[in-house]
Each structure stands twice: as structure tokens, then as C-alpha cells.
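All remarks here apply to the structure that follows.
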Protein chains: 2
Amino acid sequence: MSPERFMKNVESSTSTLYQVASAAGVSPATVSRFLNGTAKVSEDKRRTIERVIDELNYKPNRLAQSLKIGSTRTIGVLTQSLESGYFNRAMVGIEDAVKAAGYALLIMSGHWHADEEAERVELLIGRRVDGVAILTGNMSDQQILDFSKRVPIVAFGRDVQGARTHGFCLDNYRGACEAVEYLIAQGHRRIAHIAGPDDHRDARARLAGYHDTLARHRIEADPRLVVAGDFSESGGLLALNGLLAANLRFTAIFAANDLTAYGARLALYRRNIRVPEDISLVGFDDLESSMYTTPPLTTVRQPLYDAGIGIGRRMLAMLAHEQPEGEVPQLSLIVRESVRLL
Amino acid sequence: MSPERFMKNVESSTSTLYQVASAAGVSPATVSRFLNGTAKVSEDKRRTIERVIDELNYKPNRLAQSLKIGSTRTIGVLTQSLESGYFNRAMVGIEDAVKAAGYALLIMSGHWHADEEAERVELLIGRRVDGVAILTGNMSDQQILDFSKRVPIVAFGRDVQGARTHGFCLDNYRGACEAVEYLIAQGHRRIAHIAGPDDHRDARARLAGYHDTLARHRIEADPRLVVAGDFSESGGLLALNGLLAANLRFTAIFAANDLTAYGARLALYRRNIRVPEDISLVGFDDLESSMYTTPPLTTVRQPLYDAGIGIGRRMLAMLAHEQPEGEVPQLSLIVRESVRLL
DNA sequence: TTGAAAGCGTTACCAC
DNA sequence: GTGGTAACGCTTTCAA
């Protein structure tokens, strides 16, 4: 065997449809038809084509297909952080919803920064994704609407609507109400709230739920009892330290999210304040790990996986030029062991 | 304004380089050269091209570029789970390492299932990624080597090597040794181990580290003290329940990973066994949240972000036909508050 | 400095 | 049924 011949076998030669066609003695069109089942191909040609494909280890070039077809069968996802258990749960839902239809996900993250988000969406569009799913973020509605002139968009956690933009949100307000209702039902009156970033839609909804529920029960809201957090553990820790230092009386804490609750929990632990015996604690999100904190955290579950399924389905609908629709999954209070009956 | 004219403005008309060219009165080649800085373009043409691009809101079609160029500037990542804080930390590292070079990540997950992994890699290659990064998984080394005939591969958590395959692992064995050494230094002798899945390379390394360290200190290993887990919280919980039920004496637990430790922690909590006063606990991984458990968990940190950077850099090197190289980041014991001095 | 044209790997239309 | 061939939107010779 000559060296050249040998090289041929070794090199990572990606074969093309043309090579298959000529090796099989048919036209490229026929091979294409065979591959896609676009039209009948006679039994004998079919057989040789199959054999040649196998010999050459031919795999279609999706790039070329996409260019020709005008669709990449890819949906772009703008997340905010690759490391967020919150977003990633939704991502899994999206993937599960669209993968049967042959779509893959192209994921980019915007890190809660409007400029970066826009830049990423631009990249996504440049790569010709068929649609983009936007998970919350700080872009303006107008920016989203502008992008939607170029690509269909489903926006989660935003209530923007447009010709090719479909947004939907979970009802964070109601979730917060449920949490506070529960605390009140357990006899709590002095309830502190560690809020999320006030430029964050969901954080504001949760705070509003807190206020309104208190009001509905004619419980006087002590403004000193709501302190700022930032949706992170360290934020929760700091916030609670502040609260404790202020020497305020309270029997329960409603944290804007689970991470905040974890931080608060640690602050309490450090001072030997027991949960729930001394202070009750409820979170928001129901992260994977909240079932395994000590004590297991009572929290409001966000049905992120289902939301992801919803995002995926809506996207599929838009791509099929149908009206996107579907229920919005409900939040629900998961009662575990971090709240005490007063 | 006629309806037709109006439609033209509204439609999501993606303009092409040809349109730009003809509108600017130059050849497509010139526009391309301007766009890529491939050759000098006279000042006046340059200006009109710029203007037309702006007017038409032209954006290059990366698909067509890639097809022509033969590179998608995309690196495929085979992860095992989109929801794993462990893998995602590495992912962020990879992204940070390659994004400056203009690469994006195409992420697919194999769910620890060899067949699915192979299928995903096949999809990745079909989409013509320039390289693929494999994060552990259950494929055989041979499969990886086979894939590497078609695309350069860097495999993390595997020690496969080949012409276009570069694998590297973190030293889990040493990490485990350090953890157990520490426990021994704190006076512990009866140390239980909740192992990981025994078909998992890292799990085996950690178990070996446990055994060898005990042996090195001439501490008799009680085989009943090592119980099976599965790297999950529930596995840890169950394992510890078993251990407790067997009524064995031990003062410390070395869990195969942090999730397992969380589960064990809860099992202890349920029985009012204090950590670390009654039982000491050390984990492995140092997940984000381990700093905020109660008590904060002493654990072996896996420098996953750095590993991700390493993966990215090695990939870049391979793509540049250079020899991939670089340090392997070291594991380190993070001492927090879950171990007691005996 | 610029343009014409070939070609990247497909699909699909138009003939036969 | 099947083949020829023109696109898809770009880059890059080769000439001028």
C-alpha cells in the first residue's frame, strides 16, 4: 500500500454527498432524496447508496443543510448564569420540550447585564438560530421587541408581547402571598423580609406580596423589618446580621429566595439561634438542595422545569406559525421543617 | 407609501452581502474584504459600504461563513447534566478561556449514559464544531479515540491520550488522602466513608485515598465503615441511615462528595446527632453552597473553574496545532467547621 | 485597489 | 424514478 493511499485512510476525511453519489454511480439529488426520504428511490440504488454511505462513513453536513434549508434547527437560549440552579432547571425543561422535534439549544449567558445580553442575542442571531428564548434579564422590552423583528422570541419572566414576541411570567406575587399567609396561619405576626434587588421584577412582586398579605390581615408592617438582600447567600447573611444588630423583635423571616434563606440560616446558626424553635424561616424557589438543608427549608416552589417545558412548547408553536399558548404553571408552598407553630 | 413598500420595511428582511454590494455599487468581494479587513479598500468605497450596511442593518451570516471557511468557531461540550453545579463551574471556565478567541460553546448533555453520550458527540460533529470537550462520562476510551479521528478532543476526568485526543484529570486520590489525613490529625480513628458509584473513576480514586491513608497510619480499616452512596443527597442520607442502624462506632465521616455529605448531614440532624460535636463530616467538591451549610462544610475543593480554563486553553492549543499543555490545578482541603478536634 | 467567478455541501426545481 | 443544475450567503483565488 503506497503511503498516499495509507494517508487517505487515516486522515479525518469528512466525505461529502457528492463523493457518495459518484461512488454509488448516482446523482447527488438521488442521494439527497434517499437521505431525506423526499422521494422514492429504487431498491437497488437504495442498497448501493446505503453501502457506500457506510463505507465512506458519510455524515451530512448540517451547516450546508441549514444554509440551504434556511433553518438551523437550533434555538438560542439567553440565560443569565450558567451556574444558576434556578435557570438550569428551566433549561432542562426547554431542552426536553424541543429535542423530540430535533432542535438543539445554543446557550449563552448575559450575566444580568443589559449590554452583554444584547450582544449575546446578536451572536445567537448571527448563528441563525431559529428562535431565541430569553430568561428574564435586564434588557428593555423595546430591545426585545426590536430583536423580534429578526427572530421569534419567547421571553420568560417578562410580560412583553408582540407580533413575534411571546412573554410569560410565573405569578411571584401569589407565591409570596401564600408564603406569608402560611406564616400568619402559624401564628406569626412580626415577620421580617429580606428583599431581592429592587430592580428585579420578581423581587418586587415578592415584596408586594409580603406587604399586601400583611395588610390584608391588618398586621402593622414595621418598615425596619424589611431589609435589602441581593438574591445571594452572602446578601442574606449580611441582611440578617443587620436585622439582628438592630435589636428588632421578629419571629419569622420570609427570604426573597432560597439562597438568601441559606445565608440567613447561617447568620442564625452563628448566634446559636435555632430554626425553627427560635426563628422561623421560609424561602422562595425550592432549589434542589433546599430539601437537604438543616432543617429542610419550607419554601415556595417555582415550577421551573414545567416553565421550561412551557417555553419550549411556545417556541415550537411560534416556529410552526401557530399561536403560542399553554397554562402558566403555578407556584406552590412546600411545607417542610423551618417554620414553627407559634 | 404603498403597502408593498411598507411591508418591505416591516418584514424581518435579513439582508445579504450581495445586497449590500449592489446597493453600494461595489462587488461582493470588496464588501467582504472591508468586513474582514482582508485587503485595503479605498476610503470612499469604505464609507459608502459602511453607510449601506447601516441602512440595511446587515449582519453577516455565520452559517455561510462557516461553510466557506471550514470552521464554525464553536466548540462542542459534552457535559453530563445541565443541572450540575459541578460541571457548570467547569463550563464557565471553558467559556471564559475560549470566548476571547471568538469561540462559542455548544453544550449537550449525556446523562452519564454511554450511548447517549456518543449520540450527542455525533450531533456535535454533525454541526461541525471545531473541537469537542468531553467532561468525564461513561464512553469507552476507544470511542473517544474513534471520534478524535473526526474532531480534536480534550477529555476532562479521563486519562485517554491520542494524536488528536488530550485527556487530563484532577488528582482525586491525593485530595482524598488530604481529607483523611486531616481527620486523622484531628484525632479521628474510626472514620466512615460513604463511597460514590464504583464504576466512577473519581469515586474509586477517593475510596483508594481513604484506604491508603488509613493504612499509612496503621489504622485498621473496618470494612463495615465504608458504605455505598451514589453521589446524591438521597444516597448519602440512606447510606448514613444504614450506618447508624448497624450500630457501628465512628467519630467521623468522609463523604465521597458534597451532595452525599448534605444527605448524611440531614440523617444526623434527624437523629439529633450534632455536627461536629458528636460526629465530624468532610465532603468533596466544595460546591458553591457548602460554605453556607450549617455548619459550613469542611471539604476538598475541586478547582473546577481552573480546570475549565485548562480545558479551554488545551482546546485552543489543539486548534492551533500546538501541543496542548498546562498545569493540572491542585485540589485543596478547605477547612471550615464540620470537623471537631477529638 | 477591485471585480469575476469558483466553490463550500447541501436541497429542490425542472426536465426527462 | 432519476439526473442536471441553480441556488443558499459567503470567501478567496486569479486577473486586471
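In the text below, chain A, chain B and the rest are named by the order of the sequence lines, each starting its count at 1. Note that these values count all heavy atoms, side chains included, but never hydrogens, waters or copies made by symmetry.
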To the nearest angstrom, the CD-P distance between B/E43 and C/dT2 comes to 10 Å

- Short side-chain N/O contact from B/Q65 to OP1 or OP2 of D/dT11, under 4.0 Å: yes

- Task: Determine the contact category for B/R62: base if any of its heavy atoms lies under 4.0 Å from a base atom, sugar-phosphate if only primed atoms, P, OP1 or OP2 are that close, otherwise nothing.
- Result: nothing

Exercise for the section: Look at B/Y58 and D/dC10 and indicate whether a side-chain polar atom (N or O) is within less than 4.0 Å of OP1 or OP2. Expected result: yes

Side-chain atoms of B/K68 come closest, of D/dT2, C/dG7, D/dA6, to C/dG7

- Query: B/S27 side chain N/O closer than 4.0 Å to the phosphate oxygens (OP1, OP2) of C/dG3?
  - Reply: yes

**Prompt:** OP1 or OP2 of D/dC10 sitting under 4.0 Å from any side-chain N/O of B/S66?
**Reply:** no

- [ ] Look at the side-chain N and O atoms of A/N61 and state whether any lies under 4.0 Å from the OP1 or OP2 oxygen of C/dC8.
- [x] no

Point to revise | Check: B/S71 side chain, B/R73 main-chain N or O, donor-acceptor pair, under 3.5 Å | key: yes

Between CZ of B/R128 and P of C/dG9 the distance, given in whole Å, is 8 Å

Q. Between A/E122 and A/R150, is there a salt bridge with N-O shorter than 4.0 Å?
A. yes

*Under 4.0 Å between any heavy atoms, over every strand shown, what does B/L67 touch: base, sugar-phosphate, or nothing? Just pick one.*
base

Closest of D/dT11, C/dT11, C/dG3 to the B/K45 side chain is C/dG3

Whole-Å distance, A/Q19 CD to C/dG9 P, equals 8 Å

Rounded to whole Å, CG of B/N36 lies from P of D/dT11 at a distance of 5 Å

Inspect the contact between B/R314 and B/E325 and indicate whether a charged nitrogen and a carboxylate oxygen are less than 4.0 angstrom apart.
-> no

Whether A/E117 side chain and A/L78 backbone form a donor-acceptor pair below 3.5 Å
no

**Message:** Less than 4.0 angstrom between a side-chain N/O of A/T30 and OP1 or OP2 of D/dG3, yes or no?
**Reply:** yes

Rounded to whole Å, the CG-P distance (B/L17 to D/dC8) equals 13 Å

In B/R47, B/K40, B/K45, the residue satisfying salt bridge (charged side-chain N to carboxylate O under 4.0 Å, His left out) with B/E43 is B/R47

Look at the side chain of A/R33 and the base of D/dG3, then say whether one donor and one acceptor between them are separated by less than 3.5 Å. yes

In whole angstroms, the gap separating C1' of C/dT11 from CG of A/L63 amounts to 15 Å

Under 4.0 Å, heavy atoms only, any strand: does B/S32 hit a base, just the sugar-phosphate, or nothing?
base

Sorted by position of nearest nucleotide on DNA chain C, 5' first, the leading residue of B/A64 and B/A39 is B/A39

Of D/dC10, C/dG3, C/dT11, the nucleotide closest to the side chain of B/V26 is C/dG3

When rounded to whole Å, the CG to P distance for the pair A/L35 and C/dG9 reads 15 Å

Note: for A/K40 and A/Y18 on DNA chain D, the residue whose nearest nucleotide lies more 5' is A/K40

Salt bridge or not for B/E50 and B/R46, using N-O below 4.0 Å? no

Rounded to whole Å, the CD1-C1' distance (A/I69 to C/dC13) equals 14 Å

